[in-house]
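What follows is a short report on a single structure.
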Amino acid sequence: MRTTAEGAPGREPRVTKRRAETRQRLLEAALAVFAEEGFGRSTVEQVCSRAGYTRGAFYSNFSTLDELFLAMWEQRSADQLARMREAFEASEQAAVHDVSGVATHLLRAVPVDEEWYRVSAEFTAHALRNPDLRQVIVDREKAIAASSMPFLLAALARIGRTVPEPDALAQALVAVHDGTALQCLSEPDNPAVWQRRTDLFTRVVTAYSNESREKS
C-alpha cells in the first residue's frame with residue numbers, strides 16, 4: 001500500500017485502459033523484436049520504435065528488458081493455463097479412455113511456437129549467467145507446473161491412473177516438450193518427427209503414472 005505525502009495510507013494507482021493498452025503494445029512489440037534480433041542484441045529503443053512509443057512510455061511500465069520479458073512470460077503462462085483447462089475439459093467431454101488420448105489433449109495445450117521458442121531459449125541462456133534471474137526462472141517454472149498439473153492429474157484419474165510423483169512428471173514433460181520442440185522446428189515438414197513427439201509424451205506420462213484400482 002502506498003502512503004500520501006502526509007504519511008496516511010493511500011490506494012495504489014488505478015491501471016487505466018490506456019496504460020494497459022500501452023503495456024500490451026510494448027509486450028507485443030518486444031516479442032517481435034526479440035524474435036528478429038535476438039534477446040541479447042535487442043534494445044529499449046528498438047522495442048519503443050516497433051510499438052510507436054517513446055522511452056518514457058517504456059520506463060513508465062518496465063525498468064529493464066528482463067522485467068519486460070518476465071511480464072511477457074507471465075502473460076503467456078496464463079494463456080497456456082487457459083488452454084490447459086480447455087483441452088482437458090474437451091478430453092472429459094470426449095470420454096478419453098487411455099493415456100494416448102490424454103497426451104493428445106495435453107499437446108493441444110502446449111503447441112510448438114517457433115517465435116516463442118527462439119525468444120525463450122535465448123532468455124534462458126541469458127538467465128543462466130545471472131544467479132538472481134536464474135532463481136526467478138526456477139520459481140516461475142515451478143509455479144507454472146503447480147498451476148497446470150492438477151488438470152493432467154484429474155484427466156489421468158478419470159482413466160484410472162495415479163501419479164506418485166507429480167513434480168517428477170512435470171519436470172519430465174518440460175524436458176520432453178523442449179527437446180521435441182527443437183526437433184519439430186528443425187524438421188517442420190517431417191510427419192515422423194511430430195508423431196514421435198506425441199509418442200514420447202505418451203510414453204513419459206505412462207512411465208510416471210500407475211494404474212489405480214478404481215476410476216474416478
Side-chain angles (χ1 to χ4, degrees), residues 69-117 119-121 123-125 127-128 133-188 190-216:
F69 175 86
L70 293 173
M72 187 189 306
W73 188 18
E74 183 177 359
Q75 184 179 79
R76 292 184 69 91
S77 297
D79 291 342
Q80 180 177 315
L81 188 60
R83 289 197 304 269
M84 189 80 71
R85 182 181 295 106
E86 293 172 359
F88 284 113
E89 285 176 352
S91 76
E92 185 173 6
Q93 295 170 2
V96 169
H97 299 294
D98 54 26
V99 175
S100 178
V102 172
T104 296
H105 283 81
L106 173 61
L107 284 166
R108 293 175 182 172
V110 287
V112 176
D113 181 334
E114 181 173 353
E115 185 177 53
W116 177 246
Y117 186 91
V119 172
S120 60
F123 186 83
T124 298
L128 290 175
L133 199 54
R134 181 187 301 196
Q135 188 58 48
V136 170
I137 295 290
V138 170
D139 292 342
R140 292 213 173 185
E141 287 282 7
K142 289 181 178 178
I144 293 169
S147 299
S148 59
M149 281 301 291
F151 297 112
L152 176 58
L153 297 179
L156 289 171
R158 286 194 294 272
I159 64 170
R161 299 189 73 84
T162 59
V163 178
E165 298 182 75
D167 290 345
L169 173 57
Q171 186 175 16
L173 289 174
V174 170
V176 171
H177 170 67
D178 289 350
T180 58
L182 177 58
Q183 294 169 346
C184 289
L185 291 172
S186 299
E187 298 185 74
N190 186 343
V193 173
W194 291 90
Q195 184 58 52
R196 291 180 195 127
R197 171 177 163 83
T198 300
D199 293 344
L200 189 52
F201 264 82
T202 301
R203 289 176 180 273
V204 168
V205 173
T206 300
Y208 281 85
S209 63
N210 301 322
E211 290 187 3
S212 56
R213 293 183 178 179
E214 296 181 0
K215 295 184 179 181
S216 61

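Numbers for residues simply follow the sequence, beginning at 1. What's counted below: heavy atoms across the whole structure, side chains too, no hydrogens, waters or symmetry copies.
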Using modelled atom types and a 3.5 Å cut-off, is there a donor and acceptor pairing between side-chain atoms of S212 and backbone atoms of G160?
yes
If you look at every heavy atom in D98 and I159, which pair is closest and at what distance?
C-CD1, 3.5 Å
Taking atom CD of Q171 as the centre, report whether more than 12 heavy atoms of other residues, nucleotides or ligands fall under 6.0 Å from it.
no
Heavy-atom distance under 4.5 Å between the side chains of V205 and L173, does that happen here?
yes
Where is the tightest heavy-atom contact between L185 and E114, given as atom of each residue plus distance?
CD2-CB, 3.5 Å
With sequence neighbours left out, the residues meeting side chain to side chain donor-acceptor pair (under 3.5 Å) with D167 are none
Measuring from Y117:OH to T124:OG1, what's the distance to the nearest 0.5 Å?
9.0 Å
For the student: nearest non-hydrogen atoms of C184 and R197, plus distance
SG-CD, 3.8 Å
Is it true that, when you exclude E165 itself, more than 12 heavy atoms of the residues, nucleotides or ligands shown sit nearer than 6.0 Å to its CD?
no
Any non-hydrogen side-chain atom of M84 less than 4.5 Å from a side-chain atom of L152?
no
CG-OG distance between D178 and S120, expressed to the nearest 0.5 angstrom:
7.5 Å
Nearest heavy-atom contact between S209 and P164 is CA-CD, 4.4 Å
To the nearest 0.5 Å, tell me how far W116 CH2 sits from W73 CH2.
8.0 Å
All heavy atoms of A168 vs all of Y208, minimum pair found to be CB-CE2, 3.7 Å
Going by the rule ring pair (Phe, Tyr, Trp, His ring centres under 6.0 Å), which residues pair with F151 if we only count those two or more places apart in sequence or in a different chain?
none
Which label fits H177 and F201: parallel for a plane angle under 30°, tilted from 30 to 60°, or perpendicular past 60°?
perpendicular
Could you tell me the separation between the CD atom of Q75 and the CG atom of L70, rounded to the nearest 0.5 Å?
13.0 Å
Tell me whether the count of non-hydrogen atoms from other residues, nucleotides or ligands lying under 6.0 Å of CD in Q135 goes above 12.
yes
To the nearest 0.5 Å, how far apart are OG in S100 and CZ in R203?
11.0 Å
Side-chain contact test, heavy atoms from C-beta onward, threshold under 4.5 Å: evaluate it for V112 versus T180 and give yes or no.
no
Once ring pair (Phe, Tyr, Trp, His ring centres under 6.0 Å) is applied, do any residues pair with F88, and if so which ones, sequence neighbours excluded?
none
Got a sec, which residues hit side chain to side chain donor-acceptor pair (under 3.5 Å) with S148, two or more places apart in sequence or on another chain?
none
If you compare all heavy atoms of T198 against all heavy atoms of L107, which two are closest, and at what distance to 0.1 Å?
OG1-CD1, 3.4 Å
Does the side chain to side chain contact (heavy atoms under 4.5 Å, CB included) test come out yes or no for T206 and R161, once each step is laid out?
CA-CA 9 Å; T206 300; R161 299 189 73 84; 4.1 Å; yes
Determine whether E211 and T162 make a side-chain contact, defined as any pair of heavy atoms from C-beta on separated by less than 4.5 Å.
no
Salt bridge (charged side-chain N to carboxylate O under 4.0 Å, His left out) with R76: which residues, sequence neighbours excluded?
D113
Name all pairs fulfilling the salt bridge (charged side-chain N to carboxylate O under 4.0 Å, His left out) condition that reach into residues 135-155, sequence neighbours left out, sorted by first residue then second.
none
CE-CD1 distance between M149 and I144, expressed to the nearest 0.5 angstrom
13.5 Å
